Every structure is written in C-alpha cells, then in structure tokens.
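Scroll down for the structure; my scribbles are underneath it.
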Amino acid sequence: MKDIFILAIETSCDETSAAVVKNGREVLSNIISSQIEIHQRFGGVVPEIASRNHTMAIVNVIDQALKQADIVLDDIDAVAVTYGAGLVGALLVGVSAAKALSYMLNKPLIAVNHIRAHIAANYLESDLEPPFLGAVVSGGHTELVDIKDYTHYEILGSTLDDAAGEAFDKVARVLGLGYPGGPKIDKLAKEGKHSIEFFKTAKMISDEYAFSYSGLKTAVVNYIHNAKQRGEEINIPDICASFTYYALEPIVQKAFDAAKKLGYQNIALAGGVAANSYLRQRFEEMGTKHGIKVYIPKLEYCTDNAAMVASMGYYNYINNVGISDLTLNAVPSL
Ligand code: KG4
Ligand code: ZN
C-alpha cells in the first residue's frame, strides 16, 4: 500500500502546532510553539491574545514542520485540522490556514475533533489498536470512552462540573503557584503526603463512571481559608499530594472497572493531565496488577500538539470520515 502523509494543524488553545505524520503512526515532525509565557502574566489563557499569537506563528510553524519532515507540500496526501472544541478565535486561525492549503494543493481537508485527537496520541509510535478503554483527562474534559474502533466511540461517563485539569489550574491559582498549575502541583506533590483527610469530604460520587471536581476544589479553598484564619501554616506539598490523590484516584479506579466490565485488554490515557506523574504511575501499577496493558503517550504528545491531530486525521481519511469542504467552520463546544 502507498504511504500516506498527513499535514496537521492544531490551534485550539495556546499552542500553535503543525506536524507531518506517516501512515497515522510515524511522526516525521511535530512543531509546537507554546504561548504559555505570554499568558502567564494574566494567570490564564486570554482568548484574544491567543488568536493574535496563532496568526503570527502559524506560517512559520507549518514551514518548520515541512522542513523537519523533509517533505514538500506536493507530497502531502491531506491536510487535517482541529475544528473544535476550543477557543473560537484560536480555532479559526488553524481552520483558515488548513483551508488555504487544501485549496491551493487541491488535497482533501479533514476536520478533526480535539478530544479524539488526544486519544489518537496513543497510536503515535505504538501498536495500540481498538477496541480499548480511553481515559481522557485534560483541561476541558474528564471522561471514560469506549473506543469501539478508530472512528466509533461511546462516552461511558464524564465530569458533572469542572474538568480535572481545570481543577488543577484553579487549585494552583489559590496556592499562588501560577499558570499552568498542573505541572507545578505535580512537582510539589512529590515532596508531600496525601494526608489531608478533609479533602475526602468531596469524596467520589457514586455514579458509576461520572466525576466531579467542584466539591474537591471548594474543600481545598476552605481548608486554606480556615488555616489562614487560625493563623496556621499550610503545608503546600501536602495540599498538592492530597489534592492529586483525591482528584486522580477516582479516575484510576473507574477506568479499570470499566475496562474489566467491557472485557478490554488495553487502556489508554489521554489529555494534558496524562502528563501527571502520579496518574501515569498509578495506571502502570494497576495495569500490572490486573493484567491490562496500559498505553500512555510520551509527554510531548499529552498536551496539545499537531501530531495527535495528524494521527486522528489519518484514520478519518482512510475511513472517509470528516472530509470537509471549504465551508468548514470552527465548533468551539464540539
Ligand atoms: O489537553 P490539554 O493540553 O488542554 C485541553 O485540551 O484541555 O491539557 C491542559 C491541562 C491543563 O489544565 C494543565 O494544568 C494540565 O493539563 N496538566 C497537568 C500536567 N501537565 C499539564 N495536570 C497535572 N499534572 C501535570 N503534570
Ligand atoms: Zn487538549
């Protein structure tokens, strides 16, 4: 069979990224221009600023992706792009660039769902094939997904309020750790113990595969507030370790319950919070314990990147899914 090269673009939030991937699995390039430093001073992503910076970076990022892959535009088979979910202005920069390329090259334009792309990150440089249980843990989503095949999914359960990554970012802000909070809490948690039972008040909700973070977040805020009022020192590493434990352990337990119930031999972790060292370690431990193979993307493929979009784009392309015309629009709440 002829090799298929996908050029992909990702601009849903604060990373401008372009990648070239061969046959959905082999990453030839994955250029990521992060805006984290730009947004840090505001304590979070400012949508208008994100769009402007995507506009400035996009052409260079695509150029670099082609150069590093040592490929010319004519050798690309299709152009894939994230069209949702995400910030509308940010998404539109990528969608417009992809449309222009598709029109100029007369090659198919493939619309990719950002969350599905996060799951597809597990196909990069790996042998994973559906069916499997997907655990998506990102800044915007927390869900368990039954991945029936490359393009058919069923959501088993999701968060009833905040997403896990969002909770990490909010707790970090309350602790004065800055944006993005996930990696900072991760680092500090390693120096602490999950000893703060008070956070258990926001215990696991009973609903089989659902999650909730607003109660836990409030418990952390109240704990800090009460300690301050009593003039007590707070132990930030212990807060980070305890929050991490109560935030992520339900995901570990419920993901393995779901995989066992479905009779699946494989579990794949996806999304920005899949970069968390506690979560990665617990999935590995549970995989060994239950004889289930665990797939976790390399760190570079956990947070937003275009290689994962190219992989999902490839499977859409060969299955004739998501092939779009030039009327493609951004869908922020996809
Ligand atoms: O998947 P992603 O890039 O964005 C969405 O598509 O939503 O995930 C970003 C989220 C942020 O909330 C960030 O704090 C979190 O992933 N994150 C982490 C870690 N690295 C990134 N959370 C916990 N531990 C980490 N090491
Ligand atoms: Zn993402």
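Every number for a ligand or one of its atoms is a count from 1 in the order of the listing. Every value quoted in this text rests on a predicted model; they were computed, and no experiment measured them. All residue numbers refer to positions in the sequence shown, counting from 1.
Taking the six-membered ring where the residue is Trp, Tyr223 and Phe198 present tilted rings, their angle falling between 30° and 60°. Using bins of under 30°, 30° to 60° and over 60° for the plane-to-plane angle, the ring pair Tyr123/Phe132 lands in the perpendicular bin. Between Tyr213 and Phe211, the ring planes lie parallel to each other; the angle is under 30°, not in the 30° to 60° tilted range.
Look at Glu15 and you'll find every heavy atom at least 4.0 Å from all atoms of ligand 1. Taking a 4.0 Å cut-off on heavy atoms, Cys13 fails to register as neighbouring ligand 1.
In terms of N/O distances under 3.5 Å, ligand 1 is approached by Gly139. Considering both main-chain and side-chain atoms, Pro180 never comes within under 3.5 Å of ligand 1 through any nitrogen or oxygen pair. Close N/O approach between Phe168 and ligand 1 is not found [any backbone or side-chain N/O within under 3.5 Å]. Close N/O approach between Gly271 and ligand 1 is not found [any backbone or side-chain N/O within under 3.5 Å]. For ligand 1, the polar-atom distance check finds an N/O of Asp169 within less than 3.5 Å of one of the ligand's N/O atoms. Below 3.5 Å of separation, one finds an N or O of Asn276 facing an N or O of ligand 1.
Atom numbering of ligand 1 starts at 1 in the shown order; those under 4.0 Å from a heavy atom of Gly165 are 12 (O). Every atom of ligand 1 is numbered from 1 in the order shown, and the set under 4.0 Å from a heavy atom of Ala275 is 20 (N), 26 (N).
In terms of protein heavy-atom proximity, atom 22 (N) of ligand 1 is nearest to Gly182 CA, 3.3 Å. Scanning the protein heavy atoms around atom 6 (O) of ligand 1, the nearest turns out to be His114 NE2, 3.0 Å. Scanning all protein heavy atoms for the shortest distance to atom 17 (N) of ligand 1 gives Gly272 O, 3.6 Å. Among all protein heavy atoms, the one lying closest to atom 26 (N) of ligand 1 is Asp186 OD2, 2.9 Å.
For Glu166 and Lys170, the salt-bridge test passes: some basic side-chain N is under 4.0 Å from an acidic carboxylate O. A salt bridge does not link Asp161 with Lys217: none of the charged nitrogens is closer than 4.0 Å to a carboxylate oxygen.
Put simply, the side chain of Asn316 gets close to the backbone of Ala111: a donor and an acceptor are under 3.5 Å apart.
Of all the heavy atoms of His141, none lies under 4.0 Å from any atom of ligand 1, so neither backbone nor side chain is involved.
Minimum interatomic distance between Arg116 and Met312 (heavy atoms only, all atoms of both residues): O-SD, 3.7 Å.
Enclosure of atom CD in Glu37 is not indicated, since only 12 or fewer non-hydrogen atoms of other residues, nucleotides or ligands lie within 6.0 angstrom.
Checking Asp304, Asp14, Val273 against atom 15 (C) of ligand 1, the nearest heavy atom belongs to Val273.
There is no side-chain donor-acceptor pair under 3.5 Å between Tyr301 and Asn30. For the residue pair Asp162/Ser214, the side-chain donor-acceptor check at 3.5 Å is not satisfied. Looking only at atom types and distance, the side chain of Gln35 has no donor-acceptor partner in the side chain of Ser33 under 3.5 Å away.
The Zn ion (ligand 2) lies at the vertex of an angle of 90° between the NE2 atom of His114 and the NE2 atom of His118 (rounded to 10°).
The name of the N, O or S atom in Asp304 nearest to the Zn ion (ligand 2) is OD1.
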